[in-house]
Amino acid sequence: MTSLTSLRERALRLRALVADGAPGAALGGALVLPNAWDAGSAAVIASAGAAAIATTSGGVSWSLGRGDGQQLGRSEAVEAARRIAAAVDLPVTVDAEGGYGPKPADVAETVRALISAGAAGVNLEDSAAPGGPLFTVAEQAARLRAAREAAAGAGLPELVVNARTDVFLFGIGPAEGRSDDVLARAAAYAEAGADGLFVPGLLDLDALARLCTASPLPVNAMAVAGGPTVAELAAAGVRRISVGTGLAQLAYTAARRAAAELLGAGTLTEPDGALGFGELDALYRR
């Protein structure tokens with residue numbers, strides 16, 4: 001179990017990484033977070049040189065046999081986070097979806113539980129349900145304020161609260177008004193105590209650059225296959241870059257291809273170049 005002193009150090013390290021970028025990384029100064037979905041993937045990502053671990057709620061849900069989109073209960077999500085945090089010696093920021101309940105008190109309970117599980121940061125989204133609608137600006141600000149107050153009450157005022165807005169991801173409102181909506185939300189979320197603004201679904205580099213310039217909060221973008229590179233996102237001013245379910249999709253795809261080959265041709269060439277048993281096993285002998 002991570003002590004509160006150690007957890008505070010990890011939260012401060014996560015804050016510094018967002019502000020200054022991963023040391024030695026030729027990535028334009030942005031913090032890059034290849035998202036993990038279980039303890040095993042977290043250890044593998046850490047071994048690849050990650051400076052911090054972010055979780056993906058979609059990947060976590062799949063690993064537990066559930067669909068994405070707030071299908072998990074709080075206790076399941078917290079226990080998954082606990083296993084991930086215990087598997088690495090890095091700051092872990094947890095995708096807490098919508099906070100596992102609509103009310104500020106629900107969010108506060110989730111934050112306290114995640115801190116007890118070893119989270120140094122949390123992602124909280126403003127979607128009331130997958131696809132929308134969104135909580136109003138005032139409602140989400142109250143929920144974020146509850147998260148900040150819960151963290152302070154739990155002895156971790158340094159907890160990094162990343163406020164996700166789904167305006168672009170779900171195409172909320174007229175297209176010409178979405179940037180203004182996001183900026184209004186950013187201002188209110190910052191005042192409520194958020195530390196960052198996550199805007200999945202926005203990958204237009206010019207629009208991202210304008211947002212990064214105007215936002216009172218550092219901006220997190222989600223990289224996707226075929227989209228802007230890490231260097232391009234960082235040049236636009238993005239401070240934190242994650243990939244959502246991207247790595248989990250690749251892992252499950254590799255497993256399916258190998259299984260299909262074995263069941264079909266009866267061969268097993270797909271794992272060529274895979275990590276060896278000993279190399280993988282050593283990651284979990286802590």
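Atom OG of Ser47 and atom CD of Glu279 lie 7.0 Å apart (nearest 0.5 Å). Considering CG of Asn220 and CG of Leu202, their distance stands at 11.5 Å, rounded to 0.5 Å. Residue Thr93 holds its OG1 atom at 6.0 Å from CG of Leu14, rounded to the nearest 0.5 Å. To the nearest 0.5 Å, atom CZ of residue Phe168 and atom CG of residue Asp204 are 8.5 Å apart. Taking CG of Leu280 as the start and CG of Leu275 as the end, the distance is 4.5 Å to the nearest 0.5 Å. Annotation: the span from Leu114 atom CG to Thr55 atom OG1 amounts to 8.5 Å, rounded to 0.5 Å.
In the model, Ser61 has no side-chain atom that pairs as donor or acceptor with a side-chain atom of Asp68 under 3.5 Å. One side chain, Thr267 or Glu261, offers a donor N or O that lies under 3.5 Å from an acceptor on the other. At a cut-off of 3.5 Å, with distance as the only test, a side-chain donor of Glu125 or Gln70 sits close to an acceptor on the other residue. No side-chain N or O of Tyr252 forms a donor-acceptor pair with one of Gln249 less than 3.5 Å apart. Ser57 and Asp95 share a donor-acceptor pair across their side chains, judged by distance under 3.5 Å alone. For the residue pair Asn162 / Asn123, a side-chain donor-acceptor distance below 3.5 Å is found, with atom types taken as modelled.
For the pair Arg112 (side chain) and Ala154 (backbone), a donor-acceptor distance under 3.5 Å is absent. Judged by distance alone, the side chain of Ser41 and the main-chain N or O of Asp38 form a donor-acceptor pair under 3.5 Å. When atom types are taken as modelled, the side chain of Glu232 and the backbone of Thr229 share a donor-acceptor pair closer than 3.5 angstrom. With hydrogens and angles disregarded, no donor-acceptor distance shorter than 3.5 Å links the side chain of Ser242 to the backbone of Gly244. Judged by distance alone, with hydrogens and angles left aside, the side-chain atoms of Asp106 form a donor-acceptor pair with the main-chain N or O of Lys103 at under 3.5 Å. Within the 3.5 Å criterion, the main-chain N or O of Tyr100 finds a donor-acceptor partner in the side chain of Arg74. The backbone N or O of Val137 sits nowhere less than 3.5 Å from a side-chain atom of Glu139 that would complete a donor-acceptor pair. No side-chain donor-acceptor contact under 3.5 Å links Thr245 to the backbone of Ala248. Side-chain atoms of Arg148 come within 3.5 Å of backbone atoms of Leu159 as a donor-acceptor pair (strictly under, hydrogens ignored).
For the pair Glu158 and Arg10, the salt-bridge criterion is not met [side-chain N within less than 4.0 Å of a carboxylate O]. Here Arg15 pairs with Asp195 in a salt bridge; the nearest charged N to carboxylate O distance falls below 4.0 Å. Salt-bridge check for Glu79 with Arg82: passed, with a basic side-chain N closer than 4.0 Å to an acidic carboxylate O. For Arg210 and Asp206, the salt-bridge test fails: no basic side-chain N is under 4.0 Å from an acidic carboxylate O. Between Arg164 and Asp126 there is no salt bridge, since no side-chain N of the basic residue sits under 4.0 Å from a carboxylate O of the acidic one.
Scanning both residues, Ala19 and Arg239, for their nearest heavy atoms gives O-NH2, 3.0 Å. Minimum interatomic distance between Ala151 and Val111 (heavy atoms only, all atoms of both residues): N-CG1, 4.0 Å. Val94 and Ala81 get closest at one heavy-atom pair: CG2-CB, 3.8 Å. The two residues Leu7 and Ala119 come nearest to each other via the heavy atoms CD1-O, 3.5 Å. The heavy-atom pair separating Ala186 from Leu197 by the smallest distance is CB-CD2, 3.7 Å. When every heavy atom of Ala51 is checked against every heavy atom of Leu90, the shortest pair comes out as O-CD2, 3.6 Å.
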Please evaluate residues Asp166 and Ser127 with respect to the criterion side chain to side chain donor-acceptor pair (under 3.5 Å), reporting the C-alpha separation (whole Å), side-chain torsions for both, the decisive distance (0.1 Å), and the verdict. CA-CA 6 Å; Asp166 288 337; Ser127 295; 2.3 Å; yes
Verify side-chain contact (heavy atoms from CB on, under 4.5 Å) between Leu31 and Ile241, making sure each step is shown before the conclusion. CA-CA 6 Å; Leu31 172 62; Ile241 301 167; over 6 Å; no
For Val107 and Thr110, what are the C-alpha separation, side-chain angles and deciding distance, and is it a side-chain contact (heavy atoms from CB on, under 4.5 Å)? CA-CA 5 Å; Val107 174; Thr110 295; 5.6 Å; no
Test side-chain contact (heavy atoms from CB on, under 4.5 Å) on Arg66 and Glu76; report intermediate values, then the result. CA-CA 11 Å; Arg66 305 289 185 84; Glu76 292 175 299; 2.7 Å; yes
Please walk me through it: do Leu233 and Leu203 pass side-chain contact (heavy atoms from CB on, under 4.5 Å)? CA-CA 8 Å; Leu233 291 170; Leu203 287 172; 4.3 Å; yes
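A continuous path of ILVMFWY side-chain contacts below 4.5 Å connects Val224 to Val243, so both sit in one hydrophobic cluster. The hydrophobic cluster containing Met222 does not contain Leu208, counting ILVMFWY residues as joined when their side-chain heavy atoms lie under 4.5 angstrom apart, directly or transitively. By the criterion of side-chain heavy atoms lying less than 4.5 angstrom apart, applied directly or through intervening Ile, Leu, Val, Met, Phe, Trp or Tyr residues, Leu156 is grouped together with Val78 in one hydrophobic cluster. A continuous path of ILVMFWY side-chain contacts below 4.5 Å connects Phe170 to Val182, so both sit in one hydrophobic cluster. Val167 and Tyr189 fall within the same hydrophobic cluster, defined by Ile, Leu, Val, Met, Phe, Trp and Tyr side-chain heavy atoms under 4.5 Å apart, directly or through other members.
Counting heavy atoms from C-beta on, the side chains of Pro157 and Arg8 come closer than 4.5 Å. For the pair Leu144/Leu124, a side-chain contact is recorded, criterion being any heavy-atom separation below 4.5 Å from C-beta on. Between Val122 and Val160 the shortest side-chain heavy-atom distance does not fall below 4.5 Å. For the pair Val238/Val230, no side-chain contact is recorded, criterion being any heavy-atom separation below 4.5 Å from C-beta on.
Taking the centre and axis of the six-membered ring of Phe198, the NZ or CZ atom of Arg240 falls outside the cone set by 45° and 6.0 Å.
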